[in-house]
Amino acid sequence: MARAWLDARLRRPGSLGAKLLFILTGVGLLGSIAITLLLAAVITPSFNQLEAASVDAHVGRTRAALNENIAKVETAVRDYGDWNSSYDYMGHPTRAFELESFSTLAMANLNVNGMAYVGNDGRIVIARWLDLARQTDRPAMRAQLIDRIRQIDFKRALGTGNSTAFYARVGDIVAAVGVAQVRRSDGSGAPRGYVLMVRQITSQQLSKLLQIGARLDPAQADRPALKPSRSTMTIGVPILGPDGHAVASVSFTVPRDVSTLGTRMLVLAIVGSTVLLMVLLIVLSRTIARLVLAPLNRVERHMQIVTASGSLSLLQGEENRRDEIGSLGRSFNKMLRQLKDLREQLEVQSFALGKTESAVAVMHNVRNALNPISTILSRGLADAPPADKAMIDRALGELARDDIPPARRQKLAAFVAAAIQAEDAARDDRARQLKTGREAMQHVLEIIGTQQAQAHERPPLDTCDVTDLIAQNATIARYSGETTIAFDFPARPWPVMANRIILSQVIGNLFGNAAEAIAAKGTGSGSIRVVVSEDAGVVKIVIRDDGEGFSPEVGATLFQRGYSTRQHKSGGLGLHWCANSMNAMEGALRLDSDGKGHGATATLTLKAAPAQTTRAAA
C-alpha cells in the first residue's frame, strides 16, 4: 500500500514525496560525485605516477641502448687508432694498407658504413662509404661524409681523451660516429692524425636494438616527447649530438597497461559505490514513505473529507502515536474542535455583520453620489443675483415716465436689456446644475434600488459603454469640490461586459478619490486623463491624475477594509468595495504611483463585449 501510494505521489511534481525523492536523488548525485572525485584524487595520481615511472624506464632503456651502440663504435675506432699499421700508414700512406684495412670485407666485419683517415691539419687521407646491403661504394655519400668531416672540430670533440663517439647527421641519414687519434699500439708516439668510423642507424636496427617496434624520427626535440592516446602512448627519445642538441629521435609506441588498469579500477570503484548509495537511498525512501508520507496522506485525506462534507469530524488513528506525527494529529484535532466552536459563534454574528457592512457600503456610495448635489445647492445659495433688483425697478420706473430725454431713455433700455440677459444666463446655468444634480440623484436612487438584489449574488453582466459612464461621472466630479479639474477621455464608444450601475459607482469612486488627491496637493487645479485600450478580448481603462500620489509601500494596503490615506476620514470602504466589485464582474483593479507628489494611476480591466452584441447595440 505504501509503495502504491508513493508511486502515485511521485507522479505529482508538487507533492512532498516527489520533493523528498528529488532531495534524495540530489543527495545521491552529490554523494556519487564526491565519491568519484575522492577516488579519482586517490587512484588516478597513483597510477599516473606508475605510468610516469614506466615511461622513464622506457626512456632510460632507450638511452642505454643508444649509448651502448656508440660505445661499440668507439671501441672499434680505438682499435684502428691504437695500431702500429695505422700509425705507419699516416706517416707513409700505402696502397697495400688501404686494400687490406679499407676492404669491403673489413668494413662489413666492423659493421660500419664509412671510414676515413684525417691528418692533423684536416687533410683527408682516405675516405670511403660502403652500402653494406649491396656491398658497393656510394660516391655521393662519400662526398657528404667528407663535408661532414670538415665540419668537425676534432680537438674539441676529443677533449682530453684520445677517442670519442657521438651521433651526427651525414647528409640525410643519422649515424653513430667514432673518432680516435692515430697512435702506436702501446699508445706512444705523437698522434699523426685521426681515424673516423661511421655506422648508419636505421629503424630496423633500432627495433632490433630495443626489442620493440621503433622508428627513426627526424624530429629534433632536445627532451623526450609523449603523445598519449586512449590505450597507447608514443614515446620520442632524442638522439643527442656532440653539442647536446638532438639530431633525431627514436619513436616507439607502448600500450598503456598501467593507465588502463587504473581506469578500470576507478570505474569499478565508482560503480560499486554508486550501486551501494542507490540501494541506501531506495531503503531510505521506502522507510520515509512508510513512516512519514503515509501518515501525512491519511491526514490529507481526512482534511479533504472535512472540506467536502463540511463536517468537522476528528482524525482517528494518529493520536496514539508518540512521535511528531502523533503530535500533529493531536494538534489537528484540537484545531478542529476550536473551529467547530468558532463556526457556531460566526454563524450567530455573520447575519448582523453582513447587514452592517452592506449598509455602510451603500451609505459610502450614496455619500459619493450626494456630494455633487450638496455642491450644486451650496453654489446656488451662495451665488449673488446678476443685477441689483432695486436698480432694475428704478430703471423701469424712469422708462415709464414721458419726460425722460432720449439719450437717458436709450441708456436705461440698454441697462435693462443687459440685466435681463444676465438673468437668463444665470437661469440657464442653474438649469444645467440642477440637471447634473438630478442625474446624481438618479444615480443615488439606482444604487439604493439595486443594492439589495446584488447583496448575495454575482451581479448580471451586460454590454455597457465605458465612455458614456466616464463622461457622466466626469460631469459629476467637477462639482465634487472647489478645485478646478480638467478631464481628458476618449470620444469613441468602448463596449464592455459589466454591470452598468456598479461600474458607474466604481468609476465615480475613483474620480472622487482622484479629485481629493488633486485638492490635497494644494495647487488649486489639476487634471484627470482616461485612456482606454483593448487587447486579446480584454479592455483596459487607465485613469491617471496629477494629485498627491502615494508611496509604493502603501500600495499593498490601499485595498484593506477601513484603510484611508486621508487623516480626517474614517472607514475607507471605497477602494475595498471597488476591488471586490471589479472581481465580481470578472475584472480587476490595480493602483500604482511613483511616490508622493507624482500622481497615481488606477487600472481597470474588463472583458470586451462580443462583436455580435456590440453591432446589435449600435
Side-chain angles (χ1 to χ4, degrees), residues 357-375 436 439-448 450-451 454-455 459 464 466-481 483 485 487 489 496 498-520 526 528-530 532 540-545 547-550 554-555 557-566 568-585 587-593 599-606:
E357 288 191 352
S358 178
V360 172
V362 172
M363 290 301 102
H364 179 80
N365 292 328
V366 170
R367 178 184 65 82
N368 289 339
L370 288 178
N371 278 339
I373 299 175
S374 176
T375 301
T436 301
E439 292 178 354
M441 183 60 70
Q442 291 176 351
H443 193 46
V444 173
L445 295 177
E446 288 178 346
I447 293 173
I448 296 174
T450 59
Q451 185 65 33
Q454 298 168 354
C464 59
V466 172
T467 304
D468 183 50
L469 297 178
I470 293 172
Q472 176 184 345
N473 284 278
T475 303
I476 296 174
R478 288 193 181 98
Y479 296 96
S480 62
T483 305
I485 300 175
F487 276 86
F489 53 88
V496 297
N499 184 281
R500 190 182 67 84
I501 301 301
I502 296 180
L503 181 58
S504 178
Q505 294 178 56
V506 171
I507 295 176
N509 267 317
L510 295 176
F511 280 174
N513 291 339
E516 291 179 359
I518 293 173
I528 299 176
R529 183 185 180 191
V530 183
V532 185
K540 181 186 291 185
I541 306 158
V542 180
I543 303 173
R544 295 186 179 92
D545 67 77
E548 64 175 346
F550 54 86
V554 179
T557 61
L558 290 176
F559 296 104
Q560 295 180 1
R561 181 185 287 110
Y563 181 84
S564 177
T565 58
R566 307 281 177 256
H568 62 284
K569 290 188 177 183
S570 63
L573 292 173
L575 291 177
H576 174 72
W577 179 87
C578 289
N580 290 335
S581 299
M582 290 300 298
N583 291 332
M585 293 186 294
L589 170 61
R590 190 180 80 247
L591 293 177
D592 302 291
S593 177
T601 301
T603 303
L604 303 172
T605 54
L606 290 166

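None of the values given here were measured: they were computed from a predicted structure.
I485 and A515 make their closest contact through CD1-CB, 3.5 Å (heavy atoms, listed as atom of the first residue, atom of the second, distance). Contact between S504 and N473 at its shortest, heavy atoms only, is OG-ND2, 3.2 Å.
With contacts defined as side-chain heavy-atom distances shorter than 4.5 Å, the pair V542/T601 qualifies. Annotation: side chain of V506 is in contact with side chain of M582 (closest heavy-atom distance under 4.5 Å). In this structure, the side chains of V466 and L503 come closer than 4.5 Å at one or more pairs of heavy atoms. Contact annotation: the side chain of F511 approaches that of I543 to within less than 4.5 Å [non-hydrogen atoms, C-beta and beyond]. Between D592 and R590, some side-chain heavy-atom pair lies under the 4.5 Å cut-off. When side chains are defined from C-beta on, T603 does not count as touching L589, because their heavy atoms never get closer than 4.5 Å. Contact check for L604 versus L510: side-chain heavy atoms found under the 4.5 Å cut-off.
With sequence neighbours excluded, the residues satisfying side-chain hydrogen bond (donor to acceptor under 3.5 Å, both in side chains) with R500 are E446. In terms of the side-chain hydrogen bond (donor to acceptor under 3.5 Å, both in side chains) criterion, D468 has no residue partners (sequence neighbours excluded).
A donor-acceptor pair under 3.5 Å is formed between the side chain of S593 and the backbone N or O of F550.
Here the CG atom belonging to N583 is positioned 11.0 Å from the SG atom belonging to C578, to the nearest 0.5 angstrom. Rounding to the nearest 0.5 Å gives a distance of 11.0 Å between CG of N580 and CE of M585. Taking CG of L469 as the start and CD1 of I502 as the end, the distance is 12.0 Å to the nearest 0.5 Å. Rounding to the nearest 0.5 Å gives a distance of 12.5 Å between NZ of K540 and CG of L606.
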Query raised in the report: Can you check side chain to side chain contact (heavy atoms under 4.5 Å, CB included) on I507 and I470, steps first, answer last?
Result: CA-CA 7 Å; I507 295 176; I470 293 172; 4.1 Å; yes
